[in-house]
Amino acid sequence: MKIAIIGTGYVGLVTGTCLAEAGHEVVCVDCDAEKIAMLEAGGMPIYEPGLEELVRGNRDAGRLRFTTSTPEAVHASQIVFIAVPTPPLPDGSVDLSFIERVAREVAANLTGYRIVVDKSTVPVRTGQKVAETIKRYCRTPVEFDVVSNPEFLREGSAVEDFLRPDRIVVGVSSPRPVSAMRQVYAPFDAPIVVTDIQSAELIKHAANSFLALKISYINALSVICEASHADVQDVANGIGMDRRIGRQFLDASLGFGGSCFPKDLSAFIKIAEQLGYDFALLREVQRINAQQLDRFFRKIVDTLWVIKDKQIGILGLAFKENTDDVRMSPAIELCRRLQAEGARLRVHDPKAMDKARALLPDVTYVAHQDDVAEGCDALVLATEWSQFKQLDLAKACRVMTCPILFDGRNLFDKNEMEHLGFIYKSIGR
Ligand code: UDX
């Protein structure tokens, strides 16, 4: 099928590339001419495992191209996906101005029937507004359908998630666009859940909030475990083996971050409020998450006693592994708090150091993970990069002023660390 993707950011680029990989003819649009030029020249604006190869392969095969022209893309396509940002506003609600602008641009260029698909994460009832806007701004009366098709991509495994989804959600207000949407996703081996538009929109916020709730639940349990000398990993394994619960998203940590969970939680709380419901459960999820970072920070302060002039090594800056994204990263927030107390920081992240520089200018960036510990009074593991398991910890222990290891992700084995000579502090163990 001929597909246009308006918005070549994280979601748009992954969606466009994977739909091209599935055999469709895709044009990705962005108003950022520099980004489009970079993609045309073979560069990548983001890091995402496997994406670069797929972009190259599909561009070379002629199935994927890039443009700054929305009119050209709309004319050339049967289906137009909207994948523009929906950033948070100061009160937690969602800024829908990019979506509204695209709806007007699409409307102005409609010359025949098109399916307009919303991929961006939006509040329930946005689809209805998009349809009203398109109708209002059409130059001549043209038929169209609006569809909600939320994405469930995780950063770091977005390509894999797109190519092998658990389910595909398609929200429609009439049966007409269903067969075309089935055709778009026919190459993917996943059940297609067809709902009304509002339900599809809600599924996205409900799924992310539930996953965040799961993490806050295990983080709350980690506090109980510490107080009762239990081990939160054993508890997570024990409850996770119940298939009704499942083991995923039960890893206690210094808190969740990223561009999705914090934003989507705030948005969902606001949406509920506007619909007349106080979603206190989700406010508690936020509170537990904030408390988790506070507790980890206090653990460091209590152990080191005085932070001022201490040299602290930080392993990990990204909000999770396999990404260079530092937005709302608990690791960055922790660094800022330690700096505010007067600590000197030596930091390393396998992918996120470039992006971190703007947020953390006054720290020492260390090129190799095994060199971070040099001369440090403590080492803090803040992101769950699996390559940190290969750290030369015997060397770290030797070169540190004082071998204290704070593990904010429970990556290491407590007994092994103590055997190596570390004072080892983790989460809920
Ligand atoms: C999330 C959703 O998983 C995805 O479906 C949606 O489309 C976008 O939001 P993402 O933000 O990329 O994806 O990250 P995810 O892998 O879900 O992790 C979110 C945060 O939770 C990270 O900071 C991670 O470190 C943390 N986390 C995750 C935990 O602290 N414990 C866990 O058990 C799992």
Side-chain angles (χ1 to χ4, degrees), residues 9-11 82-100 118-130 148-155 167 169 171 193 195-223 245-246 248-297 319-320 325-334:
Y10 195 88
V11 171
I82 304 178
V84 291
T86 50
L89 289 166
D91 69 349
S93 65
V94 180
D95 179 358
L96 293 168
S97 58
F98 298 106
I99 298 265
E100 194 263 356
D118 175 46
K119 260 271 166 229
S120 305
T121 300
V122 293
V124 60
R125 297 198 295 202
T126 299
Q128 198 184 317
K129 294 268 182 219
V130 168
S148 165
N149 174 220
E151 51 85 18
F152 302 100
L153 310 176
R154 287 166 301 174
E155 288 186 32
R167 79 307 204 184
V169 175
V193 182
T195 69
D196 56 67
I197 295 182
Q198 296 89 289
S199 303
E201 290 167 335
L202 271 177
I203 285 170
K204 171 63 195 226
H205 274 121
N208 267 4
S209 299
F210 188 79
L211 291 168
L213 181 145
K214 239 182 138 178
I215 301 170
S216 277
Y217 183 73
I218 201 70
N219 279 338
L221 279 180
S222 78
V223 181
I245 297 173
Q248 289 186 59
F249 280 71
L250 285 180
D251 289 321
S253 66
L254 71 172
F256 58 75
S259 63
C260 288
F261 282 0
K263 170 182 101 129
D264 289 354
L265 267 178
S266 300
F268 205 23
I269 291 167
K270 200 76 196 169
I271 291 162
E273 187 189 304
Q274 284 160 354
L275 294 169
Y277 179 67
D278 174 15
F279 219 146
L281 178 68
L282 296 187
R283 283 194 282 110
E284 191 58 18
V285 169
Q286 288 180 316
R287 197 189 63 81
I288 293 169
N289 196 51
Q291 213 180 39
Q292 203 64 7
L293 189 69
D294 290 345
R295 289 177 58 82
F296 191 62
F297 174 69
F319 80 98
K320 64 169 193 177
D325 196 342
V326 290
R327 285 174 292 174
M328 300 292 286
S329 169
I332 299 280
E333 175 62 18
L334 183 70

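Taking Tyr10 as the reference, Glu48 meet the side-chain hydrogen bond (donor to acceptor under 3.5 Å, both in side chains) condition, with sequence neighbours excluded. Listed by chain and number, the residues in a side-chain contact (heavy atoms from CB on, under 4.5 Å) with Ala290 amount to none (sequence neighbours excluded). Taking Ser222 as the reference, Gln292 meet the side-chain hydrogen bond (donor to acceptor under 3.5 Å, both in side chains) condition, with sequence neighbours excluded. Scored by the salt bridge (charged side-chain N to carboxylate O under 4.0 Å, His left out) test, Glu201 finds no partners at all (sequence neighbours excluded). Not counting sequence neighbours, the partners of Arg125 by the side-chain contact (heavy atoms from CB on, under 4.5 Å) test are Gln128, Gln198, Leu275. Residues passing the side-chain contact (heavy atoms from CB on, under 4.5 Å) test with Asp294, sequence neighbours excluded: Arg298, Arg337. For the salt bridge (charged side-chain N to carboxylate O under 4.0 Å, His left out) test, no residue two or more places apart in sequence or in another chain qualifies with Lys119. Scanning for side-chain hydrogen bond (donor to acceptor under 3.5 Å, both in side chains) contacts around Asp325 gives Arg327, with sequence neighbours left out. Residues passing the side-chain contact (heavy atoms from CB on, under 4.5 Å) test with Ser199 are Thr195, Asp196, sequence neighbours excluded.
Considering every non-hydrogen atom in both Phe98 and Pro85, the closest pair reads CD1-O, 3.4 Å. The heavy-atom pair separating Asp91 from Ser93 by the smallest distance is OD1-OG, 2.6 Å. Taking every heavy atom of both residues into account, Val11 and Ala83 meet most closely at CG1-CB, 4.3 Å. For the residue pair Ala200 and Ser148, the shortest heavy atom distance occurs at CB-OG, 3.5 Å.
You'll find the side chain of Leu254 reaches within 4.5 Å of the side chain of Leu334, heavy atoms only. With a 4.5 Å cut-off on side-chain heavy atoms, Val122 and Leu96 count as touching. At least one side-chain heavy atom of Ser253 sits under 4.5 Å from a side-chain heavy atom of Asn219. Counting only heavy atoms from C-beta outward, the side chains of Val84 and Ile99 approach each other to under 4.5 Å. Counting heavy atoms from C-beta on, the side chains of His205 and Val124 never come closer than 4.5 Å.
For the side chain to side chain contact (heavy atoms under 4.5 Å, CB included) test with Ser216, the passing option among Leu281, Leu211, Ile288 is Ile288; the others fail.
Atom-to-atom distance recorded for Ile215:CD1 and Asn289:CG is 7.5 Å, nearest 0.5 angstrom. Distance CD1/Ile197 to CG/Leu202: 12.5 Å, rounded to 0.5 Å.
Listed by first then second residue, pairs satisfying salt bridge (charged side-chain N to carboxylate O under 4.0 Å, His left out) with a partner in residues 274-285 read Asp278-Arg283, Glu284-Arg287, not counting sequence neighbours. Residue pairs satisfying the salt bridge (charged side-chain N to carboxylate O under 4.0 Å, His left out) criterion with at least one member in residues 248-257, sequence neighbours excluded, are listed as follows: Arg247-Asp251.
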If you apply the rule side chain to side chain contact (heavy atoms under 4.5 Å, CB included), what do you find for Arg154 with Lys320, and how did you get there? CA-CA 10 Å; Arg154 287 166 301 174; Lys320 64 169 193 177; 3.7 Å; yes

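Comment: Glu151 engages Lys204 in a salt bridge, judged by a side-chain N to carboxylate O separation of less than 4.0 angstrom.
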Taking only distance into account, with no hydrogens and no angle test, what donor-acceptor pairs under 3.5 Å do side-chain atoms of residues 255-272 form with protein atoms, sequence neighbours excluded?
{"residue": "Ser259", "atom": "OG", "partner": "Glu155", "partner atom": "OE2", "Å": "3.3"}
{"residue": "Lys263", "atom": "NZ", "partner": "Thr86", "partner atom": "O", "Å": "2.9"}
{"residue": "Lys263", "atom": "NZ", "partner": "Thr86", "partner atom": "OG1", "Å": "3.2"}
{"residue": "Asp264", "atom": "OD2", "partner": "Asn208", "partner atom": "ND2", "Å": "2.7"}
{"residue": "Ser266", "atom": "OG", "partner": "Pro262", "partner atom": "O", "Å": "3.1"}
{"residue": "Ser266", "atom": "OG", "partner": "Gln286", "partner atom": "NE2", "Å": "3.2"}
{"residue": "Lys270", "atom": "NZ", "partner": "Glu273", "partner atom": "OE2", "Å": "3.4"}

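For Lys214 (side chain) and Gly246 (main-chain N/O), a donor-acceptor pair under 3.5 Å exists by modelled atom type.
By the neighbour-count criterion of 12 heavy atoms within 6.0 Å, atom OH of Tyr217 is sparsely surrounded, having that number or fewer from other residues, nucleotides or ligands.
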